[in-house]
Amino acid sequence: MDVFAIFVERVSNTLKSLYPEVSDDVLARLVVEPPRDPAHGDLSSNAAMVAAKPLGKNPREIATALAEAFKNDPDVTSVEVAGPGFINFRLAGPIWFAVLRSIWAQGADFGRTDIGKGERVNVEYVSANPTGPMHVGHTRGAVFGDTLAALMAYSGYDVTREYYINDAGSQIETLARSTLLRYREALGETIEIPPRAISGRLSGAGRRGAESEFGDSLLSRPDAEVIPLVKDRVLAAMLELIKADLAKLNIHHDVFFSERTLHGQGKEIDSTLDWLRSEGMVYQGRLEPPKGKTPEDWEDREQTLFRATDYGDDVDRPLVKSDGSYTYFAADIAYHRDKYLRGFKHMINVLGADHSGYVSRLKAAVKAVSHGQADMDVKICQLVRLMKNGEPFKMSKRSGDLVTLADVVEEVGVDATRFMLTYRRNDAAMDFDFALVKEQTRDNPVFYVQYAHARVCSIFRNAEKEMPGLDTSDAALRGAEFELLSSPAEAELIRALAQWPRTVTQASLAHEPHRVAFYLYEVAAAFHGFWAKGKEDIGLRFINTDHPKLTLARLALVGAVRQVLVNGLGILGVSAPSELS
RNA sequence: GACCCCGUAGCUCAGCAGGAUAGAGCGCAGGAUUCCUAAUCCUGAGGCCAUGAGUUCGAAUCUCAUCGGGGUCACCA
C-alpha cells in the first residue's frame with residue numbers, strides 16, 4: 001500500500017466533488033508528498049495551488065474548502081492550510097500501522113506497482129563489440145541497464161533484456177584475420193604478424209576453438225574460404241567470454257540479437273530499406289560537410305539518405321557507404337523496426353557517453369519505423385574515471401590493455417561494484433575509487449546499507465537468545481500490537497518505510513534507478529538513528545525482557561525494515577547479508 | 001562552427017515530474033561505548049544553487065543568452 005497514492009486519489013476526488021469543473025490536466029499535476037520539514041505534517045498537497053488559476057479562485061480559499069472536507073476523514077487527525085496554499089495533513093496512527101501490516105502481508109511484493117500495466121518494454125544495454133572481454137568502460141552501462149530493467153519489472157512492465165551483437169563490422173573481420181594468423185603460427189607456420197593485428201591473448205579463445213574443431217585442416221585451404229569458418233569460432237568464443245564476464249556481475253540478457261543476421265540479400269536491412277522507400281523516408285542527395293571541421297577525406301557525393309530531419313534529427317543520415325555496403329545506422333534502423341514488429345512499444349537504450357551524438361538519430365529511426373507508435377528513451381551513461389586513493393588510476397602500461405570488468409569485480413566485489421555505480425545519476429561523470437569502495441565504513445554507502453540489514457538480523461538473533469520464550473515466528477510478528485509503537489522515532493522510521501512504493505513509482509517513471517539506492521541509504525540512516533536512541537534511553541531498545549508485547553511490536557517494525565531493504569537491494573542486484581565479516 | 005551532458009557547502013554528490021527556512025556523506029570543531037555489532041550515533045560551523053535576463057502566485061528545478069568543464073560531429077561501431 002502506498003499512502004501517498006491513496007491520498008492523491010482522495011484529494012483528487014474531493015477536489016472534483018467540490019469543483020466539478022476541474023480538468024484532468026489539473027488533477028495530473030496534483031501531488032501528495034512528504035513535506036521537507038516534518039513540522040509541517042506527514043503529507044502535503046499542492047492541490048489548491050495547481051487548481052487556483054484554472055478555477056479563477058484564490059488558492060487559500062480552495063485549500064480551506066478541501067481541508068474542511070478532510071475533517072471527517074478517520075485517517076486524518078489534523079489538516080492545515082499553510083503558506084501560499086499547501087494543505088498539510090497529519091495522519092492517525094492506524095494508517096501507519098496499516099503500512100506495517102501491509103509490509104508483512106505483501107513481503108517481497110511490498111512496493112511492487114502496476115504502473116507498467118503489463119506492457120512490454122525492451123531494455124537494450126551493454127551491446128559491446130564482441131572483440132574482447134568487457135572492460136571497465138562497459139561496466140557502468142551494464143549495471144545501469146540491468147538495474148533499470150529490474151526496476152521496470154518491479155513496476156509492472158513485461159521486460160525483455162536485450163544485447164545487440166555488433167558482429168558485422170570490419171573490426172570483426174580484422175579479428176578473424178588475426179586469429180587465422182595465430183592459428184597458422186600455432187601450427188608451426190612462420191608468420192609475420194602485421195602491426196594492427198589483435199593480440200594473441202585476445203584471439204586465443206577463438207584460435208583454440210578453431211583448432212579443436214578443424215585440427216590442422218584449414219592450413220591447406222585458401223583464406224577466403226577459411227575466414228568465415230574462423231570468424232564463427234571467434235564470435236562464439238568472444239560471446240562466451242562476454243557472457244561469462246557479465247555473469248560475474250549477475251547480469252543475464254534474455255535476447256542476444258546478432259547484427260549479422262540483418263545483412264545479406266533479401267534480409268532485414270534490404271526489406272527495411274524497401275519499406276522506408278515505399279514510405280518516402282529515403283532519397284538520393286548530397287550532404288553538407290560539418291561546419292568548422294571538414295574531415296580530411298571528405299568526398300562530396302550523392303548518397304542514399306534517411307529523412308531523419310523529418311523526425312527531429314539535425315541532419316539526414318546516410319544509409320549506404322561509399323563501398324556500397326550498409327552503414328551501421330542502416331542496420332540499426334532495421335534492428336529497431338524488428339523490435340517494433342516484435343511488439344515493443346516501449347524501448348530503452350543504454351549507451352555510453354561516446355554515443356551521445358547518436359541519440360537523436362536513433363529516436364528519429366524509432367519514430368519513423370513505428371509511425372510514432374513506439375517511444376524510445378536513450379539513457380547515456382557518462383564516463384567513469386578509475387581512482388586509487390584520490391589519484392587517477394591507470395593499469396598496465398606494458399600492454400596497453402584496459403582495466404577489465406573482471407578486474408573490477410575481483411578487486412571490489414559484485415555488491416560494491418553494483419551499488420556504487422548506481423549511487424550516482426547516470427548522466428553525471430563519476431570517479432570510482434577502489435580504496436573507498438572497498439572500505440567498510442560509513443563513507444561507503446554499500447556497507448552502510450548492508451550493515452543496517454545485518455543489524456536487523458543480529459537483533460533477531462539476540463531476541464531469541466535473551467527471550468527464548470518469545471514466539472518470533474512470522475505469524476506472531478504479523479499479529480503484534482503495532483499500536484505500542486508510539487514514540488516519535490518509531491513514527492519516523494515507519495514514515496520512511498511508507499515511502500518505498502512511491503520511490504519505486506517515481507524512479508521507474510523517470511527511468512532513474514539511482515533513486516532506489518539513495519532511498520535505501522535513507523532507510524538505513526533512519527534505522528541506525530533509531531538503534532542509537534536505545535543507547536540513551538533503554539526504553540527505546542528493541543529488546544525489552546520485561547515487555548514481551550512491546551518487544552514483539554518492535555521486532556515486527558525491524559522486520560519490516562529488513563523487508564524493505566531486501567526488496568530494494570534485490571532491485572539493485574546487491575546481496576543482503578545477515579552478518580558482515 | 002553545431003549538437004548533447006554537467007556546473008548546488010572546502011571535497012564527492014542528492015534535491016523527489018516549480019512549492020514552504022536548499023539536504024547528506026567526507027573533511028573540520030566538539031561529544032556518546034559497564035547496555036541489542038562504536039562497521040554506529042548526536043551537536044556545531046560551512047552555500048549569491050556558475051552569471052544575467054525571462055515565464056508566474058512561487059524557480060536550484062522551465063526558457064533564452066553568456067562563462068567554465070566533459071563528450072560527440074558523413075563513409076567507425
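Here is how names work: the chains are called A, B, and so on, in the same order as the sequence lines, proteins then strands, and each is numbered from 1.
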Visitor: Which pair of non-hydrogen atoms, one from H138(A) and one from A128(A), has the smallest distance, and what is that distance?
Guide: NE2-CB, 3.3 Å

Visitor: With a 4.0 Å cutoff (strictly under), does any side-chain N or O of K321(A) reach OP1 or OP2 of A77(B)?
Guide: yes

Visitor: Between C57(B) atom P and R60(A) atom CZ, what is the distance in whole Å?
Guide: 17 Å

Visitor: Both distances under 3.5 Å, Watson-Crick or G-U wobble: report the partner of C62(B), or none.
Guide: G54(B)

Visitor: If you look at every strand shown and take non-hydrogen atoms under 4.0 Å, does E579(A) touch a base, only sugar-phosphate, or nothing?
Guide: base

Visitor: Would one find a side-chain N or O of R515(A) under 4.0 angstrom from OP1 or OP2 of C16(B)?
Guide: no

Visitor: Ignoring backbone atoms, establish whether Q506(A) has a side-chain N or O less than 4.0 Å from OP1 or OP2 of A17(B).
Guide: yes

Visitor: Are R385(A) and G71(B) close enough that a side-chain N or O sits under 4.0 Å from OP1 or OP2?
Guide: no

Visitor: What integer number of Å spans the P atoms of C42(B) and C6(B)?
Guide: 32 Å

Visitor: Measure CD1/I538(A) against P/U34(B) and give the value in whole Å, please.
Guide: 11 Å

Visitor: When you measure from the side chain of H514(A), which nucleotide among A14(B), A74(B), A77(B) comes out closest?
Guide: A14(B)

Visitor: As a test of reading the structure: which of A77(B), C36(B), A74(B) is closest to the side chain of I543(A), going by heavy atoms?
Guide: C36(B)

Visitor: P34(A) or G83(A): which one's nearest nucleotide on RNA chain B is closer to the 5' end?
Guide: P34(A)

Visitor: Check this one for me: any side-chain N or O of K535(A) less than 4.0 Å away from OP1 or OP2 of A38(B)?
Guide: yes

Visitor: Measure the distance from NE2 on H336(A) to P on A77(B) and round it to the nearest whole Å.
Guide: 16 Å

Visitor: Checking base pairs now: Watson-Crick or wobble, both atom distances under 3.5 Å. What partners A29(B)?
Guide: U43(B)

Visitor: When both hydrogen-bonding distances must be under 3.5 Å and the geometry is Watson-Crick or G-U wobble, what is G7(B) paired with, if anything?
Guide: C67(B)

Visitor: Closer to the 5' end of RNA chain B via nearest nucleotide, is it A510(A) or S170(A)?
Guide: A510(A)

Visitor: A38(B) C1' sits how many Å from Y448(A) OH, rounded?
Guide: 13 Å

Visitor: Do the non-hydrogen side-chain atoms of V31(A) and V8(A) ever get within less than 4.5 Å of each other?
Guide: no

Visitor: Is there a Watson-Crick or G-U wobble partner for A2(B) with both distances under 3.5 Å, and which nucleotide is it?
Guide: U72(B)

Visitor: Parallel, tilted or perpendicular: which fits the ring planes of F530(A) and F542(A), with parallel below 30° and perpendicular above 60°?
Guide: perpendicular

Visitor: Ignoring hydrogens and angles, does a donor from either the side chain of H355(A) or the base of A77(B) sit under 3.5 Å from an acceptor on the other?
Guide: yes

Visitor: The side chain of Y521(A) is closest to which nucleotide in this list: C73(B), G25(B), C36(B)?
Guide: G25(B)

Visitor: Within the structure shown, what part of the strands sits under 4.0 Å from S44(A) by heavy-atom distance: base, sugar-phosphate, or nothing?
Guide: base

Visitor: So what does P318(A) touch, heavy atoms closer than 4.0 Å: a base, only the sugar-phosphate, or nothing?
Guide: sugar-phosphate

Visitor: For A14(B), which nucleotide in any strand shown is its Watson-Crick or wobble partner with both distances under 3.5 Å?
Guide: none

Visitor: Pairing check on C36(B): which nucleotide meets the Watson-Crick or G-U wobble criteria with it, both distances under 3.5 Å?
Guide: none

Visitor: Parallel, tilted or perpendicular: which describes the rings of F518(A) and Y423(A), with under 30° parallel and over 60° perpendicular?
Guide: parallel

Visitor: According to the interplanar angle, ranging from 0 to 90°, do the rings of F306(A) and Y311(A) count as parallel (below 30°), tilted (30 to 60°) or perpendicular (above 60°)?
Guide: parallel

Visitor: Between H528(A) and G25(B), does any side-chain N or O lie under 4.0 Å from OP1 or OP2?
Guide: no

Visitor: So, is R425(A) close to the G15(B) phosphate, meaning a side-chain N or O under 4.0 Å from OP1 or OP2?
Guide: yes

Visitor: Side chain of F518(A), heavy atoms from C-beta onward: which of C13(B), C36(B), C41(B) has the nearest atom to it?
Guide: C13(B)

Visitor: Which nucleotide, A74(B), C57(B), A77(B), lies nearest any side-chain atom of Q171(A)?
Guide: A77(B)

Visitor: What is the nucleic acid contact for E522(A), judged by heavy atoms within less than 4.0 Å: base, sugar-phosphate only, or nothing?
Guide: nothing

Visitor: Assess, by modelled atom type and distance only, whether the side chains of Y335(A) and E162(A) contain a donor and an acceptor separated by less than 3.5 Å.
Guide: yes

Visitor: At under 4.0 Å between heavy atoms, what does E299(A) touch on the DNA or RNA strands: base, sugar-phosphate, or nothing?
Guide: base

Visitor: Hey, are the side chains of I172(A) and M238(A) touching, using non-hydrogen atoms and a 4.5 Å cut-off?
Guide: no

Visitor: Rounded to whole Å, how long is the line connecting atom CD of Q499(A) with atom P of C16(B)?
Guide: 13 Å

Visitor: Can you find an N or O donor on one side and an acceptor on the other, under 3.5 Å apart, linking the side chain of D297(A) with the base of C75(B)?
Guide: yes

